[in-house]
Amino acid sequence: MVSARLDAFNQQVLGCQKDAFTLAYAMLGKEEMACAVVEKAIAQAYSFWRENGSSIVVEVLKAVLQSCRPMRRRGAWDAVEWIPGWDGLEFRDQETLLLVDVLGKSYSDTASILKCSKWDVARLIAGARCKLSKTGSLESKQPGNQKRRK
């Protein structure tokens, strides 16, 4: 019986490992740190899963974010800013955009991972996208970024 439960857990983990690593790497910018965070998150998710039977994917991604937050606050993140204005976003905005726009999670799944309502997810997504669009438009108006007219 335990073997069947462990097999079910392992199958679900295999299905979410790529997403967990993508999330950890996007948050930390370092492959070694991302691997360590994912490994820790899977072990943590297993202990919660046995207790409450919740979704493995939700538990793993939640554990990844919980592990990344303190590392980011200590300045462990030094990845290149791929999206103009990304560094100016709050961590919560970045997490929400990564879950919805990069990993393709539903608002409902994202709400479970972030421990908030679907309406909060919608608000965070809209606000973060708005901030990014303003940043992009401001950069295009800076001197040197304008196209010259002839």
- Query: To the nearest 0.5 Å, how far apart are CG in Asp109 and CG in Leu99?
  - Reply: 9.5 Å
- By side chain to side chain contact (heavy atoms under 4.5 Å, CB included) - contacts of Ala20 (at least two apart): Val38, Val60, Leu61, Val64
- Task: Measure from the side-chain N and O atoms of Gln94 to the backbone N and O of Trp86, and report whether any donor-acceptor pair falls under 3.5 Å.
- Result: yes
- Query: If you look at every heavy atom in Leu98 and Ala26, which pair is closest and at what distance?
  - Reply: CD2-CB, 3.7 Å
- Note on the structure: Heavy-atom closest pair (Ala45 atom, Glu59 atom, distance to 0.1 Å) is CB-CB, 3.7 Å
- Distance-minimising heavy-atom pair for Cys68 and Ala24: SG-CA, 4.0 Å
- Item | Interatomic distance, Leu124 atom CG to Tyr107 atom OH [nearest 0.5 angstrom] | 10.0 Å
- Message: My understanding is that only residues two or more places apart in sequence, or in another chain, count here; which of them pass side-chain hydrogen bond (donor to acceptor under 3.5 Å, both in side chains) with Ser117?
- Response: Asp120
- Query: Rounded to the nearest 0.5 Å, what separation is found between the OH atom of Tyr25 and the CE atom of Met33?
  - Reply: 12.0 Å
- Task: Look up atom NZ in Lys40 and atom CD in Gln66, then write down how far apart they are to the nearest 0.5 Å.
- Result: 9.0 Å
- Query: Heavy-atom count around Glu31 CD within 6.0 Å, excluding the residue itself: above 12?
  - Reply: no
- Message: Applying side-chain hydrogen bond (donor to acceptor under 3.5 Å, both in side chains), can you list everything that pairs with Arg92, at least two apart in sequence or on another chain?
- Response: none
- Check against side chain to side chain contact (heavy atoms under 4.5 Å, CB included), Leu132 and Leu97: CA-CA 11 Å; Leu132 286 176; Leu97 285 173; 3.7 Å; yes
- Under the side chain to side chain contact (heavy atoms under 4.5 Å, CB included) rule, what do Lys62 and Gln44 come out as? Steps first, then yes or no, please. CA-CA 10 Å; Lys62 192 184 304 181; Gln44 185 178 348; over 6 Å; no
- Query: What closest approach, in Å, do Ser67 and Val37 show between heavy atoms, and which atom pair accounts for it?
  - Reply: CB-CG1, 3.8 Å
- Task: Report the residues that fulfil side-chain hydrogen bond (donor to acceptor under 3.5 Å, both in side chains) with Asn10, sequence neighbours left out, ordered by chain and then residue number.
- Result: none
- Could I get the full list of salt bridge (Lys or Arg N to Asp or Glu O under 4.0 Å) partners for Asp93, not counting sequence neighbours? Lys131
- Query: Nearest heavy-atom pair of Cys116 and Val121: which atoms, and what distance?
  - Reply: SG-CG2, 3.7 Å
- Query: Which residue pairs pass the side-chain hydrogen bond (donor to acceptor under 3.5 Å, both in side chains) test with at least one member in residues 14-24, sequence neighbours excluded?
  - Reply: Asp19-Lys105
- Task: Not counting sequence neighbours, which residues clear side chain to side chain contact (heavy atoms under 4.5 Å, CB included) with Ser112? List them please.
- Result: Val58
